[in-house]
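Quick note: numbers below take in every heavy atom, side chains included, and nothing from hydrogens, waters or symmetry partners. Labels below follow one simple rule: chain letters A, B, ... track the order of the sequence lines, proteins then strands, and each chain is numbered from 1.
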Amino acid sequence: MGSAMGDARVDRAGVPELPEVESVRRMLEPLLVGATVQDVVVRRRDVICASDDPPGGWSRSGRDASPAPAIEPTALRVGQEVTEIRRHGKALAIVADTGRCVVVHLGMTGWVGPVAVSDAGQPPVHTHVIWTARRAREPRRSIGFEDARRFGGLWCLPDLRALEARWSELGPDALTIRANALRLRAQYKTTTVKASLLDQRVLAGVGNIYADEALFRSKIAPSVRCCDLEDAQWALLAGAVRHELRLGLKWGGATVRSFRRPDGTEGKRQNALAVYGRAGEPCKRCKQPLSSAMLAQRTTVWCSHCQH
DNA sequence: CGGTACGCCTGAAGGC
DNA sequence: TGCCTTCAGGCGTACC
């Protein structure tokens, strides 16, 4: 059935946060770097956004009905060679030797990887763009961008300068975030620490799951205002963010739900989550039932006994 | 500035 | 079993 044999399957149903995106990047690197693009098929044009949309932004108004994006969708043109695959926060960029690149956002259900063609020769329904590329002395490979819910998208940029400009509007990458960098960006904010962790302009890469997990690890309540945090707490928080993201990466980017390993067995990371999805269940530290509330428009779970 | 609500979209999961 | 509702989520806009 699938042509994805041998490749580490990352979670497709869970929500891609930084570890999931980094897992995809690492999986793509050996497949695409050094490969020459031989074909580009755009099966759904509206997943391709205009290059001047705001960073991390989805200009819905410019998607469905627009006759054509500002830049031709095939920024990764036939004949170009892929030189690298970058990541910043939750964004990926496939960079070509010409400097042109395609920024990929996975949204909620997005994925990039080998296309599993059906017996009838059809790619999965939600595979919207397919690049066929070939490295010297290797078979042709079809790599697809799929995204059932289409909260994700692709942006075609003309050069690396445009990529850097775009990413400079995001906060520092969460995987290597240092306490001072985080504190300097958020310490005077009157918003809650949870909202700031989710704000990609403050810190790039953290989503709802890892925000709650990092707050639990650092024993900080999600509703605390940034400006009320002590220096020591910023240090704890930055360390907890790095720790949780690295843990997620170690598990192959598994988050929750239908994480499957290449052999089809269930992943184990979901069992390792301390608070996310465990509202009402006992805290792993103090055994008191975990609290749950909407904060920053997100379901938030924490231990009111351990976190202050 | 911040906060709140809503929209986008589909599939999984739960209720009846 | 099958239909119906609810929920999940990143990130934008609109409005207070």
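- Classification of A:E244 and A:R246 as a salt-bridged pair fails, no side-chain N sitting under 4.0 Å from a carboxylate O.
- Taking the charged nitrogens against the carboxylate oxygens, A:E169 and A:R201 have no contact shorter than 4.0 Å, which rules out a salt bridge.
- One can place CG of A:L170 at 15 Å from P of C:dG10, the figure rounded to the nearest angstrom.
- Nearest-nucleotide assignment on DNA chain B puts the 5′-proximal partner with A:K189, out of A:K189 and A:A148.
- Note: CD1 (A:I209) to P (C:dA8) measures 12 Å, nearest angstrom.
- For the pair A:H128 NE2 and B:dC9 P, the interatomic distance rounds to 11 Å; values are reported in whole Å.
- Spacing between atom CG of A:L198 and atom C1' of C:dG12 amounts to 15 Å, rounded to whole angstrom units.
- Note: CZ (A:R166) to P (C:dC11) measures 12 Å, nearest angstrom.
- The distance between atom CG of A:D199 and atom P of B:dG2, rounded to the nearest whole Å, is 9 Å.
- Taking the screw axis at each terminus of the helix from B:dG2-C:dC16 to B:dC16-C:dG2 from five consecutive base pairs, the angle between the two is 40° to within rounding of 10 degrees.
- Taking Ile, Leu, Val, Met, Phe, Trp and Tyr as members and joining any whose side-chain heavy atoms lie under 4.5 Å apart, directly or through other members, the hydrophobic cluster of A:L290 also contains A:F216, A:V275, A:V301.
- The aromatic ring of A:F151 does not stack onto the base of C:dC11, failing the criterion of a centre distance under 5.5 Å from the six-membered base ring together with planes under 30° apart.
- Of the candidates C:dC11, B:dC9, B:dG3, the closest approach to any side-chain atom of A:K90 belongs to C:dC11.
- Between A:H126 and the phosphate of B:dG11, there is a side-chain N or O to OP1/OP2 separation shorter than 4.0 Å.
- Side-chain atoms of A:S218 and A:Q233, non-hydrogen and from C-beta on, never get closer than 4.5 Å to each other.
- A heavy atom closer than 4.0 Å to some atom of DNA chain C occurs in A:R298, A:T299, these being the qualifying members of residues 292-303 of chain A.
- Between the CZ atom of A:R201 and the C1' atom of B:dC1 there is a distance of 11 Å, rounded to whole Å.
- Of the candidate nucleotides C:dC11, B:dC9, C:dG10, B:dC9 has the atom lying nearest to any side-chain atom of A:R150.
- Side-chain contact of A:D97 with A:T83: a donor-acceptor pair under 3.5 Å is absent, judged by distance alone.
- Looking at A:R141 and A:E138, a side-chain N of the basic residue comes within less than 4.0 Å of a carboxylate O on the acidic one, giving a salt bridge.
- With hydrogens and angles disregarded, a donor-acceptor distance shorter than 3.5 Å links the side chain of A:R87 to the backbone of A:G89.
- Checking the phosphate oxygens (OP1, OP2) of C:dC11, a side-chain nitrogen or oxygen of A:H105 falls inside 4.0 Å.
- Under 4.0 Å is where a charged nitrogen must lie from a carboxylate oxygen, and between A:D46 and A:R44 at least one such pair does.
- Between A:R225 atom CZ and B:dG3 atom C1' there is a gap of 14 Å when expressed in whole angstrom units.
- A salt bridge does not link A:E22 to A:K90: none of the charged nitrogens lies less than 4.0 Å from a carboxylate oxygen.
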